[in-house]
Amino acid sequence: MRYKKQLPQLEKPKGRYFITFVTWERLELTPEARQIVLDACKFFHEQRYELFAVVIMPDHVHILIQPFPKSETEYWSIGSIMHSIKSYSSKQIPKAMLHIGKVWQDGRYDEMIRTEEEFNNKWEYIRQNPVKAGLSITPEEYPFLWETF
């Protein structure tokens, strides 16, 4: 059974979001595939969004992001940002690992950040995710964690 939550339905100008998306049937990404996803997440940083932190785990991704204005009346949507990341990476991953078929589960979990405390807690959660999973001793040692300072 897959759990799919599509919030928030309404996106807010200047909103900051904590987003999680998961591989199809918990497919484990190789280090090369994780690097592809990391590069895809960073690609539009400072163009379509501010990327604060991202971690690419073997079977899921956590990202802390703030979309930029697309025009005077419109912001880049979470949906379009996620489509870009998932679409590009799903085409590149089969070149890096033996996998044919779907790479990402449909949908995502996203949560609008409402306070600085919540923002800082989500950032620290992203940093500690590889440590808690036993993939590194410190966040800084994990090669698929990226953050602005």
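Everything quoted here is computed from the prediction, not taken from an experiment.
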Could you tell me the separation between the CH2 atom of Trp146 and the NZ atom of Lys42, rounded to the nearest 0.5 Å? 7.0 Å
Is Tyr17 reachable from Ile85 through a run of hydrophobic residues whose side-chain heavy atoms are each under 4.5 Å from the next? yes
For Gln35, all residues meeting side chain to side chain contact (heavy atoms under 4.5 Å, CB included), sequence neighbours excluded: Leu38, Asp39, Phe144
Counting only N and O atoms by type, is there a donor-acceptor contact under 3.5 Å from the side chain of Glu141 to the main-chain atoms of Ile137? yes
Are any of the side-chain nitrogens in Glu32 or Lys95 under 4.0 Å away from the carboxylate oxygens of its partner? no
Just how far is it from atom CZ of Arg34 to atom CD1 of Ile56, taken to the nearest 0.5 Å? 9.5 Å
Here the pair of heavy atoms bringing Gln128 nearest to Pro139 is NE2-CG, 3.5 Å
Please determine whether side chain to side chain contact (heavy atoms under 4.5 Å, CB included) holds for the pair Tyr125 and Val55, giving the CA-CA distance in whole Å, both sets of side-chain angles, and the decisive distance to 0.1 Å. CA-CA 10 Å; Tyr125 178 84; Val55 66; over 6 Å; no
Linking I/L/V/M/F/W/Y whenever their side-chain heavy atoms sit closer than 4.5 Å, directly or via other members, would Ile65 and Tyr75 fall into one cluster? no
In terms of heavy-atom contacts, does OH of Tyr88 have more than 12 from other residues, nucleotides or ligands at under 6.0 Å? no
Closest heavy-atom pair and its distance - Ala96, Ile36: CB-CD1, 3.6 Å
Show the numbers, then the answer: is there a side chain to side chain contact (heavy atoms under 4.5 Å, CB included) between Thr23 and Lys102? CA-CA 8 Å; Thr23 59; Lys102 201 166 180 175; over 6 Å; no
Determine whether a donor-acceptor pair (N or O, by modelled atom type, separation under 3.5 Å) exists between the side chain of Glu118 and the backbone of Arg114. yes
Spatial distance of atom CD (Gln66) from atom CG (Leu64) [nearest 0.5 Å]: 9.5 Å
Using the side chain to side chain contact (heavy atoms under 4.5 Å, CB included) definition, which of the options Ile126, Leu135, Val131 pairs with Leu145? Ile126
With a 4.5 Å limit on heavy-atom distance, are the side chains of Val61 and Thr20 in contact? no
Taking side chain to side chain donor-acceptor pair (under 3.5 Å) as the test, write out the residues that go with Arg26, two or more places apart. Asp59
Hey, mind stepping through Ile19 and Glu111 against side chain to side chain contact (heavy atoms under 4.5 Å, CB included) and telling me if it holds? CA-CA 6 Å; Ile19 303 166; Glu111 184 178 330; over 6 Å; no
What's the shortest heavy-atom distance between Val37 and Ser89, and which atoms? CG2-CB, 4.0 Å
Working to the nearest 0.5 Å, report the span between OG of Ser80 and NE2 of His83. 9.0 Å
Under 6.0 Å between ring centres: does that hold for Trp76 and Tyr49? no
So how far is it from Tyr142 OH to Met57 CE, rounded to the nearest 0.5 Å? 5.0 Å
Quick one: CD1 on Ile93 to CG on Leu29, what's the gap to the nearest 0.5 Å? 5.0 Å
Charged N to carboxylate O under 4.0 angstrom, Glu140 versus Arg127? yes
Would you say that more than 12 heavy atoms from the other residues, nucleotides or ligands in this model lie under 6.0 Å from the CD of Glu117, or not? no
Looking at the rings of Phe52 and Phe119, which for Trp means the six-membered one, are their centres under 6.0 Å apart? yes
How close do Glu147 and Trp123 get, counting heavy atoms only, and between which atoms? OE1-NE1, 2.6 Å
Just by distance, do the side chain of Ser90 and the backbone of Lys86 share a donor-acceptor pair under 3.5 Å? yes
Which class fits the ring pair Phe18 and His62: parallel under 30°, tilted 30 to 60°, perpendicular over 60°? parallel
Any side-chain to backbone donor/acceptor pair from Gln105 onto Val22? Under 3.5 Å, distance only. no
Does a side-chain N-to-carboxylate-O contact under 4.0 Å join Arg16 and Glu116? yes
